[in-house]
Amino acid sequence: ALGAKFTGYVAPYVFDKPPRLKVSGTVDLNEWKPKLDTDLTITVDSDATLSYKIYTIPFPVEKTKATLRIVDRTLDLKLDSARIFDGALTGAIRVLLNEKQQGLSTNLHIADGDFHKAMYTLYKSDKETGRLNLQLNLDGLLGKIDSFKGSGAVTVDDGYIMSIPFLGGLSNLVGAIIPGFGASKADQGKCSFTITNGVLHTEDLSIASAFFNILGSGDIDFAKNNVAMDMRVNLRGIMSFLGYPLSKLFEYHGTGTLESLDWKAKNL
C-alpha cells in the first residue's frame with residue numbers, strides 16, 4: 001500500500017523487535033513522475049534496539065524517539081532522543097532517495113558515552129575505558145567511502161586509552177624506555193578532525209596523563225585502510241625534570257592500518 005520502494009527506504013533501520021510507529025501523510029505511487037507528491041511522516045517511539053550500519057559496522061541505538069519524514073524522494077530522520085554506548089545520541093540524517101548512489105548527510109552528537117563499548121563495537125577491543133563525547137558532520141554517497149567529507153571532534157575523559165589498536169605498538173615502544181607507560185591512566189584524549197574524500201585528517205590529537213602528554217597529527221584513509229601518523233611524547237610533572245632534555249625527544253612515525261600500525265622512532 002505504501003509503494004514498491006517503501007521497504008527499501010526504511011531497510012537501513014533494523015529493530016530487534018517491532019517498534020511503536022505512528023504513520024500519517026500521503027504516498028505517491030506513481031514512481032515514474034519526476035517529482036512525487038509523497039509527504040509521509042513516521043514517528044518512532046521504541047524500547048527496541050535499532051542497528052544502523054555505517055561503514056558496514058552496525059551501531060546499536062536504544063530507546064529511540066525519532067521522526068522520519070519522506071518528501072518527494074528525500075528522507076529526513078530527526079533523532080529527538082536516543083541512547084548509544086550508554087550515552088545520549090541526538091542529531092539528524094538526510095538520505096536522497098532518487099539517485100543511483102544515494103546521498104547521505106549526517107549531523108550527530110554523542111554525549112557521555114561508554115568508550116569501552118564504542119571500541120568493542122568498532123574493533124572488538126575490550127581493554128579501553130572512559131567517557132566518550134563525539135560531534136560529527138558527514139556528507140557523501142552511501143557505499144562510496146571516498147566520497148565522504150565533513151568534520152568533527154572527539155574527547156575521552158577519565159579512562160584507559162593507550163590500548164587503542166592503532167596506539168598499541170607505540171605504547172609498547174615507549175614502554176620499553178619508560179616502564180609502566182602502557183598501563184598509565186589517561187586523564188583525557190581529544191582531537192578535532194576534517195574528512196576529505198574519505199580521508200580523516202587531524203592536527204591536534206592529544207592524550208594526557210599525570211606523567212605524559214602525547215601530541216599527534218596525521219591521516220586515516222578509510223577507503224584504502226591506510227594510516228600515517230606522527231606522535232611526540234612529552235614527559236610531565238616531576239618526570240619532565242628527571243628526564244630533561246629527553247622529555248621532548250620521543251618522536252615517532254607510524255604507518256600501516258588502523259588494526260596494525262608500525263611505529264618507528266624518528267630520531268634514531
Side-chain angles (χ1 to χ4, degrees), residues 1-31 35-99 102-122 130-143 148 150-157:
L2 296 177
K5 294 185 178 181
F6 181 78
T7 301
Y9 291 167
V10 297
Y13 312 100
V14 181
F15 290 88
D16 62 357
K17 60 182 180 181
R20 294 182 294 275
L21 306 177
K22 290 183 179 179
V23 183
S24 61
T26 302
V27 176
D28 192 337
L29 301 179
N30 299 300
E31 298 287 352
K35 180 176 175 59
L36 299 179
D37 293 323
T38 296
D39 188 345
L40 185 69
T41 299
I42 305 170
T43 60
V44 182
D45 183 358
S46 177
D47 294 326
T49 299
L50 163 65
S51 293
Y52 189 85
K53 283 188 177 182
I54 301 177
Y55 291 136
T56 74
I57 298 173
F59 288 82
V61 181
E62 301 174 312
K63 298 182 179 179
T64 304
K65 291 186 177 180
T67 303
L68 274 166
R69 189 180 180 195
I70 303 173
V71 177
D72 188 13
R73 293 181 174 89
T74 298
L75 184 152
D76 284 294
L77 169 65
K78 180 177 177 293
L79 284 167
D80 301 308
S81 66
R83 305 286 293 176
I84 187 169
F85 310 135
D86 291 340
L89 172 64
T90 55
I93 298 173
R94 167 168 283 189
V95 181
L96 302 181
L97 304 169
N98 60 333
E99 301 176 359
Q102 296 180 353
L104 174 71
S105 178
T106 66
N107 179 3
L108 299 174
H109 302 262
I110 299 175
D112 197 29
D114 187 331
F115 185 57
H116 171 84
K117 290 188 175 182
M119 291 306 299
Y120 189 80
T121 298
L122 289 168
R131 306 309 301 173
L132 169 69
N133 291 279
L134 171 70
Q135 181 268 321
L136 174 66
N137 298 296
L138 195 63
D139 297 278
L141 299 175
L142 286 173
F148 279 91
S151 61
V154 60
T155 63
V156 179
D157 296 301

Nearest heavy-atom contact between A82 and V61 is CB-CG1, 3.7 Å

Between L132 and A118, the two heavy atoms sitting closest are CD2-CB, 3.9 Å

Verdict with reasoning, D76 to R69, per salt bridge (Lys or Arg N to Asp or Glu O under 4.0 Å) = CA-CA 5 Å; D76 284 294; R69 189 180 180 195; over 6 Å; no

- Message: Contact between I93 and L108 at the side-chain level, heavy atoms closer than 4.5 Å - yes or no?
- Response: yes

Residues P60 and T49: closest non-hydrogen pair is CB-CG2, 4.0 Å

Rounded to the nearest 0.5 angstrom, the CG-OG1 distance for L138 and T106 is 4.5 Å

Any donor and acceptor pair, going by atom type alone, linking the side chain of R131 with main-chain N or O of D112 inside 3.5 Å?
-> yes

Please check this pair: side chain of D47 against backbone of K63, looking for a donor-acceptor N/O pair closer than 3.5 Å. no

Of all heavy-atom pairs linking N133 and A111, the shortest is OD1-CA, 3.3 Å

Rounded to the nearest 0.5 Å, the CG atom of L68 sits from the CD1 atom of I42 at a distance of 5.5 Å

Are side-chain heavy atoms of K65 and T43 found at a separation under 4.5 Å? no

Separation between CG (L29) and OG1 (T38), nearest 0.5 Å, reads 7.5 Å

In this structure, CD of Q102 is separated from CZ of R73 (nearest 0.5 Å) by 12.0 Å

Is it the case that the side chain of D114 and the backbone of H116 share a donor-acceptor pair, with hydrogens and angles ignored and the cut-off at 3.5 Å? yes

When every non-hydrogen atom of A48 is compared with those of D16, the smallest separation belongs to CB-OD1, 3.2 Å

I'd like to check Y13 versus L75 (side-chain heavy atoms, cut-off strictly below 4.5 Å). Are they in contact?
yes

CG of L50 to CG of L79, rounded to nearest 0.5 Å, is 8.5 Å

In short, T90 meets D80 closest at the heavy-atom pair CG2-O, 4.3 Å

Open item on the list: Just by distance, no angles: are the side chains of D139 and S105 close enough, under 3.5 Å, to form a donor-acceptor pair?
Closed with: yes

Output for pair (I110 CD1, L89 CG), nearest 0.5 Å, gives 6.0 Å

Is there side-chain contact between V44 and F15, with at least one heavy-atom pair below 4.5 Å?
yes

Do L97 and V95 come within less than 4.5 Å of each other through their side chains, counting heavy atoms only? yes

